[in-house]
Amino acid sequence: MNAIVLPVVLPLLAAFLLPSLARIWSSAARVLGPVLMLVSLCVLWTTWGEHPTPFVVALGGFQPPMGIAFHVDSVAMLFAFLVAGGALLMWPAWTDDDTMPRLAALTLLLVAAATGLALSGDLFNVYVFYELLSVASFGLVSARRTGAAFAAGFRYLVISGFGSVLALLGIALIYLRTGTLNIAHLGQLAPESLADPFGLAAFALLLLGFGVKAELFPVNTWVPEVYAGSSARVAGLLAGVVSKLAVLVVVRMLVVVFPHDETRMLLLILGVVGVLSGELAAWSAKDMRRMLAFSSIGQLGMIFIAFSIPGEAGWVAGLALVLHHLVVKSGLFLIADRWGGALQSLTGAARVSPFTAGLFVLFALSLIGVPPLPGFWAKLQLVIGLVENGNGVYLGALLVFLAATVIEANYLFRLAVAMYAEGASSTVTAPSGGNRIGAAIFAAVLVAAVFLLNPLSEAIDDLAVVGNDATGYMDSLAGGAR
Amino acid sequence: MRKAAALLFTLGLLFLLSVMFLRFELGQAPMRIGKDILAAAPEQVGAANIVTSVVLGYRGLDTLGEIAILFTAATATGLILSGLGGGQRRDPEGGFILRHGADLVFPFLMLVGMYIVVHGHLTPGGGFQGGVVLAAAFFLPLLARPSRAVSHSALGWIEGLAGASFIVIGLWALTLDQAFMTPWLHQGVLGELFSAGTLPLLYLALGLKVGAELASLLAHLAEVEASE
């Protein structure tokens, strides 16, 4: 049970030693990170097998709420798996040059922070991991050392720093009101201490702060430049994996501490604006990687709409969209590795690399939601959730969502048709072998999901029950942490 | 359009904050966890400096996160600067007084830094504060004699091993069937130098790491500045 800290702590340990290790034995330093990801996956797997979730680990042996606790339920486990698996598939530090040790160390720090975000049950500890995640991603984003990368990194740094201040202010408000930082304890105290306009303001500040990484509407202006300027794998990691961890933090706070109509409505409205602005910007984008970045804003908006639906239906739709977007967008960014620049240059790209173009069409179809691909099922869950909820605002969100899907279909088809255009010869080169293999693995996962839809939907139903169970989360505190 | 939106957002935020601070009843914050920790810390942790019990005991994982953030910032800076630096230093040597003054002050700075680090669990201070003094001790000779090369590899090893020992001390508790970061040496008598279990060791590792990191970062910045 105590071994659950290893996926957070071992990457930190390795990152501290890696730059020095690389001086004396660089090939070991290069494989250390991916090997550690495998170790993390094994540790998570055996811990999950041996201990029934949820369980609480009191770090330092101090009983929560006095000390920091890891709250491990099946949702947290799922996200920890996704972080380790995603980092393994998109490891950005296979390079041969002098940047490798620092790039690998930063990736390890990113992974440790993301895993910590999934597991931690303490609001301030979440903030510390969020800061670690931010600083590590600043470095990774600027790693190409081009002017565009520096400009994108600087804008990202400013917006992210602003968001962190807001989040810290929100946490300070919450602490001033309740005198505690443990999330389960906050959940118990919330009905008497945080169910007023101050609580709502605190939630809004947390939403804006953690929303920076989750590409939430007003604080997502860094997204297109950063994803276009950084390497494909870093963009894939940030859009595919890291954004989902920020979503998890926000949704946990929503469910456990702030389960009010007003907070859900705030999330819904920001989600709707995100969907609209993201998809419209993607439609007018002139560059494939910018298009993917804007589409990612739109998809994250859909995820926020899903989680704003009260009850388990919202969690089913949200988790389905999270998993689907993680697989598809990561794959798409790997494909787009060398396919940046003007969209016109991709005309006839199918002749340069038929395999990659085929993968693009597969991912695009799933992103639009064409049956029988999993994207259809994920979007169907969202439609069901919105319709079941029946009231006016959610139906309005449904209309926006359907319109956004039409826009999405339009720009993705336009690009796919251009790739297969007759008689044109494209100037682009095929993506590197490693990226093609990575994208193929994501595509294989997507196709496998078509055949495993039944067990998969049952698993997501179980996860949704756990995720939506606020009293279960709070009871684990009283249930005796060790 | 973009500027108007930014202005609107800022005004909204300003309004939210001003309303909050006008209506907030200050001075009546509940001290739920604070009181519990104040009552239990001397018994549970055994550190005379109660801040240390919180920093390395109750919220030890946060502290590990903090040093990781500092390390990340230094690594990211190194990554960005590594393409720019490496040229010959052009700053002139310091004068007689500066050079000999730096030599004279160096051992005292080391002494003060180590004292603050080692007594972190007894008196105000600790790894972060002492580490900064240690970094200053190593940076001062560099200012006086800019031509002297800094061994980045030695600093890297000190920093890496210190950080690793912080984590290994924490992980050792796992072999005793305790949770990560549980203090495991004998608690001793409150207020004595050898007390509070593993906390002084953690602070020593932390001080060395912070010191080496800041020294290396300052040296790195100085090199790039000189080569431009």
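Letters A, B, ... are given to chains in the order of the sequence lines, protein chains preceding strands, and every chain is numbered from 1. Note that this is a predicted model, so its numbers are computed, not measured.
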Between [options], who has the most heavy-atom pairs with chain A when the cutoff is under 4.5 Å?
| options | result |
| --- | --- |
| B/V168, B/T72, B/D36 | B/T72 |
| B/I67, B/I37, B/L70, B/L61 | B/L61 |
| B/G57, B/G65, B/A5, B/A6 | B/G57 |

Is there side-chain contact between [X] and [Y], with heavy atoms separated by less than 4.5 Å?
| X | Y | result |
| --- | --- | --- |
| B/F180 | A/V9 | yes |
| B/I33 | A/H185 | yes |
| B/E66 | A/V128 | yes |
| A/L140 | B/L79 | no |
| A/L59 | B/R59 | no |
| A/F16 | B/E159 | no |

Mind checking the [atom1]-[atom2] spacing from [X] to [Y]? Nearest 0.5 Å is all I need.
| X | Y | atom1 | atom2 | result |
| --- | --- | --- | --- | --- |
| A/L200 | B/L16 | CG | CG | 9.0 Å |
| B/L17 | A/L205 | CG | CG | 6.5 Å |
| B/Y58 | A/L181 | OH | CG | 15.0 Å |
| B/T77 | A/F138 | OG1 | CZ | 11.5 Å |
| B/I167 | A/L10 | CD1 | CG | 8.5 Å |

[X] portion near chain A, given a 4.5 angstrom heavy-atom threshold:
| X | answer |
| --- | --- |
| B/A173 | neither |
| B/L56 | neither |
| B/K35 | neither |

Using modelled atom types and a 3.5 Å cut-off, is there a donor and acceptor pairing between side-chain atoms of B/R32 and backbone atoms of A/T178?
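Confirmed, B/R32 side chain pairs with A/T178 backbone.
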Side chain of A/N2, backbone of B/L174: donor and acceptor closer than 3.5 Å?
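Checked: no pair found.
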Against chain B, label A/L108 side chain, backbone, both or neither, depending on which of its atoms sit under 4.5 Å from a heavy atom there.
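Contact with chain B is absent: no heavy atom of A/L108 under 4.5 Å.
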Taking B/F71 as the fixed residue, which of A/L132, A/V135, A/L109 is the one that meets the side-chain contact (heavy atoms from CB on, under 4.5 Å) rule?
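Among the candidates, only A/L109 passes.
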When you look at CZ of A/F154, are more than 12 heavy atoms from neighbouring residues, nucleotides or ligands closer to it than 6.0 Å?
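Counting other residues, nucleotides and ligands, CZ of A/F154 stays at 12 neighbours or fewer.
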